[in-house]
2 protein chains.
Amino acid sequence: MSEKRPTIVTVAEAAGVAASTISRALKGDKRISPETRARIARVAQELGYTPYASARALSSGRSGLVGIVIGPATNPFYAELLYEAVRQIGERGLRLLVIHAGPGPLENSMADALLQYQVDGCLISSVDLPSHVGAVCAANGVPVVMVNRVAQADTCAVVCDNAFGSVQLGDLLLRSGRRRIALVRTSAASSTARERDAGFTNFMQSAGHPPSLRLDGRSTYEGGFEAGRHIAALPAPERPDSVYAVSDIMAWGVLDALRLAGVAVGRDIAVVGFDGLPQSARPVYDLTTVEQPVVAMIGRGLDLLQARMRDKGLPDETISLRGRLIERGSSGSRA
Amino acid sequence: MSEKRPTIVTVAEAAGVAASTISRALKGDKRISPETRARIARVAQELGYTPYASARALSSGRSGLVGIVIGPATNPFYAELLYEAVRQIGERGLRLLVIHAGPGPLENSMADALLQYQVDGCLISSVDLPSHVGAVCAANGVPVVMVNRVAQADTCAVVCDNAFGSVQLGDLLLRSGRRRIALVRTSAASSTARERDAGFTNFMQSAGHPPSLRLDGRSTYEGGFEAGRHIAALPAPERPDSVYAVSDIMAWGVLDALRLAGVAVGRDIAVVGFDGLPQSARPVYDLTTVEQPVVAMIGRGLDLLQARMRDKGLPDETISLRGRLIERGSSGSRA
DNA sequence: GGGAGTTGAGCAAACGTTTGCGCAAATGCG
DNA sequence: CGCATTTGCGCAAACGTTTGCTCAACTCCC
């Protein structure tokens, strides 16, 4: 309360060296002798010194902050992504600044945040980057990595191989004898949903069994639920024997609707999703799905980001990771 | 890319005034004439000027950052809280720095983050504030508001009235004729869970119908599920006719387990929860619960925080908000 | 018309760190 | 032993804003 928080010069005086030496010693500069470095570390520790990030940012231009943009709370996938990002960013000695979370587009005020706080890099999921925000980042040398979204001009990206995952699911359905296939997709302009939709449709088409029914699940549980009700209400001969919902939350909606209507999931009808959220393992869902490698996606995303923090000149790069097929009861292949 | 980002002096030169005038004009200082202010605003706009937060923080000691600590991803309530916090903090012209998200205690490195980034205030949910972190905040004049957790030494708090909500639920159960009551609680050291547990138990005891069964749901869906299975497995005469799970996620587990076991929820057994998460409205759950006023909680929390950013001397304060009882089918009172 | 008060804006010193450069002392080599 | 090199550290100038003073120019009132 009373005593001022120590600064680098407080430490310098206590250790009997110059402030610049403190600065260098604390970040492991080779030019400082091991003894001096050890002494400085000890003094700093005793004084409870911790640097002012604002001063560092002002002086060096690096803030130690990573910005993040995530989609709406209605899809737990984004929460999953955020939590993992917090963890890994912390491990790398950086901090997470939330630029935007929720539905709605990226506004100008968010580009401001990137500049004002001199964010070192930015992880964006959830939206297709509006061009002006992208331009702002590019103009100011803020590296951007799209996560689970395709790369745009001047950005890197880390994606899950949506087409491959969809093929895995389609193949599984075909192998277990399913032929009348419904697709619960979404009209939302998300590249992820489009890729899953297209990847699946193409595969099924070339296999001779194109989806016979396409419903819009609006990327929500409720949308999936309505789709499920619609499917359940179809007379038996017309009803599909399998459903691919392009995200787990929609698949949950489908499952709940089917079960509520008394349709035996896994036997009468197979349901598969995509995302691999932990909730999908619950006995009530027991959902066959493709797991997005969230840990690896964030990890590689931060790799890309950090590489570009050090060297702004690096060319854009897109990393595609394959998800893992998790086969559970909802696809009925266990029986 | 090529041109340097404008600073306050760039704007000052362009507008033909001193840098200090720019600074004052932009934050609405009365001493600057309306004409000058308008001109400065226009010039700043044209140049695309936006201040460097680090310089402001360094000079003024205020960073414009609010830190947040939230609990594990397994409970969507925290995600709900986070999203609302992002929204409201943005509206107030501040930004959100995530200090910690997830299970696990608050480590020293998190106290460092508070200091390094000169966080203006901190919202903490999820954990009981470890004393050393609290001491660090107090010593450095960082106001802290606990959200959905009781106040500790040197902190403010915003809580939902857990006891009152529990009484509302208990009363509802009694009024609909339930007498054999099970409580799915948690042994976790969360003040929230304790208050709900105690509030409910006291009320039921004084009403002459103390909970006949107490199970530990470990604050998770899985824990609730196990509790539900246990209940469903009881022979009919011993089986309770109602269950209060002290959080919605546990209630979901209970519901799913009961339904999977063929127990008719709402008729054979009533289930009520606490939190009022949006998912509880889904037809499969249709859960009677008490809604935590998340919007108001964050709002009042930020009010407390901002008041203390302006005047560090303000005494601690605890605000208790009553939740809204949402009666749905799971409590069977509709029938 | 002269003094007191008000209004509007500038000066310059912080704020704490980083970093290019400089300069001794220690070391290497011939 | 003398000279060139390396090693280890200090100096001081940034970085961009804020803010306590200072100060000139008006306005007002008697």
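We name chains A, B, ... by the order of the sequence lines, and we start the count at 1 in each one.
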- Item | Difference in axis direction between the ends of the helix from dG1(C)-dC30(D) to dG30(C)-dC1(D), five pairs, 10° | 30°

- Query: Listed in order of residue number, which residues of residues 7-15 of chain B have a non-hydrogen atom at under 4.0 Å from DNA chain D?
  - Reply: Thr7(B), Ile8(B)

- Message: Could you tell me the boundaries of the chain A footprint on DNA chain D, defined by atoms under 4.0 Å from its heavy atoms?
- Response: dG8(D) to dG16(D)

- Message: Short of 4.0 Å, heavy atom to strand atom, which residues of residues 21-43 of chain B count as contacting DNA chain D?
- Response: Ser23(B), Arg24(B), Lys27(B), Arg31(B)

- Task: May I have all residue pairs that pass salt bridge (charged side-chain N to carboxylate O under 4.0 Å, His left out) and include part of residues 44-61 of chain A, sequence neighbours excluded?
- Result: Arg42(A)-Glu46(A)

- Item | Ser320(B) side chain reached by Asp161(B) side chain, heavy atoms, under 4.5 Å | yes

- Query: Does the Gln292(A) side chain pair with the main chain of Gly323(A), one donor and one acceptor, at a distance under 3.5 Å?
  - Reply: no

- Side-chain contact, heavy-atom cut-off 4.5 Å: Ile40(B) with Leu26(B)? yes

- Query: Quick one: salt bridge (Lys or Arg N to Asp or Glu O under 4.0 Å) partners of Glu84(A), sequence neighbours excluded?
  - Reply: Arg87(A)

- Item | Non-hydrogen side-chain atoms of Ile8(B) and Tyr52(B) separated by less than 4.5 Å | no

- Which residues satisfy the side-chain contact (heavy atoms from CB on, under 4.5 Å) test with Ala41(A), sequence neighbours excluded? none

- Sequence neighbours left out, what passes side-chain contact (heavy atoms from CB on, under 4.5 Å) with Thr10(B)? Give chain and number order. Pro6(B), Thr7(B), Leu47(B)

- Message: Nearest 0.5 angstrom please: Thr50(B) OG1 to Gln116(A) CD, how far?
- Response: 3.5 Å

- Query: Under 3.5 Å, side chain of Ser191(A) to main-chain N/O of Val150(A), donor-acceptor pair present?
  - Reply: yes

- Answer whether the closest heavy-atom distance between the side chains of Gln118(B) and Arg5(A) falls below 4.5 Å. yes

- Applying side-chain contact (heavy atoms from CB on, under 4.5 Å) to Leu58(B) and not counting sequence neighbours gives Ser54(A), Ala55(A), Leu58(A)

- Does the side chain of Ile70(A) reach to within under 4.5 Å of the side chain of Tyr83(B), using non-hydrogen atoms? yes

- Non-hydrogen side-chain atoms of Leu97(B) and Arg95(A) separated by less than 4.5 Å: yes

- Query: Does any pair with a residue in residues 146-156 of chain B pass side chain to side chain donor-acceptor pair (under 3.5 Å), and if so which ones, sequence neighbours excluded?
  - Reply: Tyr78(B)-Arg149(B), Arg149(B)-Thr192(B)

- Query: Does Arg37(A) reach the side chain of Ser33(A), with side-chain heavy atoms less than 4.5 Å apart?
  - Reply: no

- Under a 4.0 Å N-O cut-off, is there an ion pair linking Arg308(A) with Glu317(A)? yes

- Task: Please work out which residues in residues 45-61 of chain A have a non-hydrogen atom less than 4.0 Å from an atom of DNA chain C and list them by number.
- Result: Tyr49(A), Pro51(A), Tyr52(A), Ala55(A), Arg56(A), Ser59(A), Ser60(A)

Strictly under 3.5 Å: I want the nitrogen or oxygen pairs between protein and nucleotides 24-27 of chain C, one per line.
none

